[in-house]
Structure formats: C-alpha cells, structure tokens
> 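Following this message is one structure expressed as structure tokens.
Please read these numbers as outputs of a predicted model, since none were measured by experiment. Ligands are counted one by one from 1 in listed order, and the atoms in each one are counted from 1 as well.
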Amino acid sequence: MPSPRYHPDTDAGLRWSLDELRARQLERLQDVVHRVYANVPHYRTAFDAAGVHPDDIRALEDVRRLPFTDKGTLRENYPFGMFAVPREQVTRIHASSGTTGKPTVVGFTDDDLDSGADLVARCLYAGGVRAGDVFHNLGGYGLFTGGMGIHAGAERLGCSVVPVSGGMTERQVQLIQDFGPRSLHATPSYFLTVLDYMERIGVDPRETSLRVGIFGAEPWTEATREAIESRTAMIAHDMFGLSEMGGPGVAAESDETRDGLTLWEDHYLAEIIDPTTFEPVPDGEEGELVLTSLTKQAFPILRYRTKDLTRLLPGTAYPTMRRLAKITGRTDDMMIIRGVNVFPTQIEEIILRKEGLAPYFQCVLTQPGNMVNLTVVVETLVHEEHEAANSIAADIRHEIKARIGTTTEVEVRDPGGIERSVGKARRIVDQRPKG
Ligand code: DLL
C-alpha cells in the first residue's frame, strides 16, 4: 500500500504544542541514543571513552554530554560502519563525494525513505509547491540526495514530477516550455544558467508557467533571490539539508513569512556552537550548526558538526519550531585575507547587485609569498574594452574594501569566461601551493 499523500492538516508534528514537542524530542533522543549504543560500535566506544551512558540522557540539555561526530568519524567507519541496522534492512544508499578522501555513505530503511518523503513534502508545501503542480526537478539524480530525495517528496505531495536532473540546459528549457511546470527545484547557481540560456534564445522566463522555485544545496544570498525573482514570475524559496541528515528536508522557508528556514525540530535537535571552543552559543548568535537526527533508523547520527554557519531564531510561520538564518557559508569556505574573514556569500552580495555583470564569480586564492591573495573573477554581460573593464574592476575592488574591509584583486572576463556548474557552484579555486 503506498503511503497517503502529504498534507499539512494531517502532519502531526506541526500540531504539537511546544511542551509536547520538547517531550517528544526527549523521548526520541533517548531512543536513538540507546539504539546507536547497542548497534554501532563507534558510538559504544565513543560513549565509553566520554564516560557517558545512554541512561544518563534525562533532559534535552544532556545531549551536550555526548561526543561530537564529523566527516572524519564517517570516513573512519567507511563504508557501512555507522549503520544502526543490519545492512540487509538498508533499502537505499547515497553518498556525498567530498573534495578529498573517501565519500561519506548514508543509508535509508523503508521507514527512513517514507518519513524522508514526508519531510521533503513538508518543505515543498511550506515553499508554495502544491499537489497538482507539474514539478520540474533539476536536482542531480544519482548518489546526490537532491535528485531522488526531492523527487520522493514531490511525489508524496501529489505533484507530476519530471525527473530531468541537472545539465543539458537546452533540453531543460524545451521541457519547461512543453510541460508547463508551475514549480521547480534546482541549485540557485544552475538555475541562473538556465535563465541565461532562456533569455539568449529569446524565451522570456516571465512568460513561462513557472511560479515557484525551491532552491538549496549551496549557500545563496538575498541578492540571488532578487535576481531570480526579477527575471521570472517566480517566488524563490530556500531549502536546507545534508546527506548525513537524510538529504534535503531538514529545514525550509515558509511562503507566508519568507524569513529564514524553519528547522523541523520534531526530527532534528539543533545546537549552535563556537567552532573553535565547541561551547554552545546563545540563540540569535552565529556559530556552527550541530545536528542530531532523532528519528532515522539506518543512519542516525548524533551531534554532527555540519560546518555550516548560521543562527537559531524564534519560530514565526511555525511558532513551535525555530528558524535557521540563511546559511552564511561553511567554516571550510572561510577565507582569511589580510586578517579579515571573507565568505563567498559576501562577494556574491556585491557581484549580483552590479549592473553589467553576469551572476557568476569565483574566488581564486594564491600565495606567492607569505600572504594569501584573493582574486575575485567576474564576468561581464557583453565584451568590455580594456579601459571599461579596468574601471569595473576598480569599482568592485573599492566596494569589497568598503563593505568587507579587505584588499583583493579583481579580474574581469568576457561573457562565458567563468565555468558553469550543473549542480553546486565551485566558488573557491585554491591555487596555493600544497603542503
Ligand atoms: O545538498 C542536500 C540538499 C539537496 C539540500 C537539495 C537542499 C536541496 P549535501 O550534498 O550533503 O546535501 O550537501 C550538504 O550543502 O552542509 C551545506 O553546506 C550546503 N547546503 C545545503 N542546502 C543549503 C542551503 C545536500 N539552503 C551541504 N543554503 C550543507 C546553504 C546549503 N547551504
């Protein structure tokens, strides 16, 4: 029997009072802690080393007594060592490539896939996707969770899902024109490439059927949202997730309030820590997001250090659940340029608001001597002569200095001069000598 379609009216977790939510979180935390201690050798060893036993978890705050996990933990237990059920009960396996070393592997039981589809459906509904929509999914199908994960959620909601995946931009545009999707999902950077292509072949994106876009899988800014919304008849909403937490469906922006990502606290326990001291930071202050999955069966994970920098904010559209502020970036994407911390999102805010520039950029890091240099590579919409290009570069250099407070080089390239991605954009090109 297929599971019933998702509708928020029958979504119990959204109806719990705050007291009920906290009580359920604690129940679920105690359950998952016992499960991993019994079934995952890594957790048993790590708990014993930290001198903590599952029975010690008597309140939600006791989560802080548990050891952290991170990508390193997953690599050490590659490929299936973190599974909390026998491998034969794992119905699907995904992996995230990572830039170095072994991929991190995640597994799902039937129940995980079922509740994951409900969570993604909840996110899509929050963002304005509705049953009956033709839903164009540009998420990459394969080991990446953004293809099949989003797909399952859109089906659960009752959409007609087009599993087109990323790439072959010409065909994307053709299918959008022919199938008439009302909603879609993509990485924001790839969707900008699709928009460019549409405009280049004389299709006005505003005249298409598209009204709702769900974007995520990479950091993006309000400037990008404005760029997408001004070039289309769409509203653009944010969605956050990570493979280690089951993929997409961890947090999503609400169509009503458009003010950050509601974190589904009935399934995830969130902490924000100072990434250098590991101490908790109060709600409202920025730090590294640490997540515990409360309901996963195959691959539950405790106190996972996501490396994502954000803030926890009070609930609005969903009053019992807190929001995550738009993700600033990852701790490993932080560049330190002449003593100033710089994130690609800060550069994005500047580039995306400049007239005459394409919405693409890269941050190239070099180190000729002791100092790290950042060259921001930008692309113009039309070919600019030498002098005009120099003046664009000077203008951006000046704005980066004024707004971010550091000195950079700026390289201006002709149209098409920056690589396009069909999934997550590569914002940082590290050309510093290795080792
Ligand atoms: O990107 C899952 C996903 C698919 C989320 C589709 C949303 C939509 P991973 O490939 O494991 O999983 O990458 C997870 O991507 O830790 C963040 O650094 C980044 N990320 C994901 N969503 C957002 C977002 C998927 N909305 C990593 N804003 C995360 C900023 C995001 N960063």
> Determine whether the aromatic ring centres of H151 and F135 lie less than 6.0 Å apart.
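Judged by ring-centre distance (under 6.0 Å), H151 and F135 do not meet the cut-off.
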> Out of all atoms in ligand 1, which are within 4.0 Å of some heavy atom of L242? Include the element for each.
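Selected atoms, number and element: 11 (O), 12 (O), 14 (C), 16 (O).
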> Going by distance alone, is a donor N or O of one side chain under 3.5 Å from an acceptor N or O of the other, for T306 and E288?
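Result is no, nothing qualifies.
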> Cut-off 3.5 Å, side chains only: do E218 and S189 have a donor facing an acceptor?
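Result is yes, a qualifying pair exists.
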> Using the ring centroid of each side chain, check whether Y37 and F47 are separated by less than 6.0 Å.
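Yes, they do, as the ring centres are separated by less than 6.0 Å.
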> May I ask you to identify, for K326, whether its side chain, its backbone, both or neither come under 4.0 Å of ligand 1 on a heavy-atom basis?
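The answer is neither.
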> Would you mind running through ligand 1 and noting each atom that sits below 4.0 Å from a heavy atom of G146?
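Those atoms are 4 (C), 6 (C).
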> Which is closest to atom 20 (N) of ligand 1 by heavy-atom distance: A217, G246, G247?
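Nearest heavy atom to atom 20 (N) of ligand 1 lies in A217.
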> In terms of atom number and element, which parts of ligand 1 are under 4.0 angstrom from non-hydrogen atoms of T145?
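Close to T145: 2 (C), 12 (O).
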> Can you pull out the closest protein heavy atom to atom 31 (C) of ligand 1? Residue, atom name and distance to 0.1 Å, please.
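Checking every protein heavy atom, the shortest distance to atom 31 (C) of ligand 1 gives E218 N, 3.6 Å.
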> What do you reckon, does R330 have a nitrogen or oxygen under 3.5 Å from a nitrogen or oxygen of ligand 1?
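Yes; at least one N/O pair falls below 3.5 Å.
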> Do any N/O atoms on I150 end up under 3.5 angstrom from N/O atoms on ligand 1?
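I150 vs ligand 1: no N/O contact under 3.5 Å.
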> Compare every heavy atom of Q346 with every heavy atom of I404, then report the nearest pair and how far apart it is.
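Residues I404 and Q346, closest heavy atoms: CD1-CB, 3.7 Å.
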> For atom 29 (C) of ligand 1, what is the closest protein heavy atom, and at what distance to 0.1 Å?
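Protein heavy atom at minimum distance: D308 OD2, 3.3 Å.
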> Is it the case that W220 and D238 place a side-chain donor and acceptor less than 3.5 Å from each other?
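A pair is found: one side chain offers a donor N or O, the other an acceptor, under 3.5 Å apart.
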> Would S243 and H94 count as having a side-chain donor-acceptor pair, cut-off 3.5 Å?
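The criterion, which ignores hydrogens and geometry beyond distance, is not satisfied for H94 and S243.
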> Checking a contact table here: which protein heavy atom is nearest atom 26 (N) of ligand 1, and how many Å away?
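Going by distance alone, atom 26 (N) of ligand 1 is nearest to M239 O, 2.6 Å.
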> So, regarding S243 and ligand 1 (criterion: nitrogen or oxygen to nitrogen or oxygen, under 3.5 Å), is there a contact or not?
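N/O-N/O distance below 3.5 Å exists for this pair.
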> Heavy-atom distances under 4.0 Å decide this one: backbone, side chain, both or neither, for K424 against ligand 1?
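Within the 4.0 Å criterion, K424 contacts ligand 1 through side-chain atoms alone.
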> Does either side chain, that of S96 or that of T104, offer a donor lying less than 3.5 Å from an acceptor on the other one?
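The answer is yes; a qualifying pair exists.
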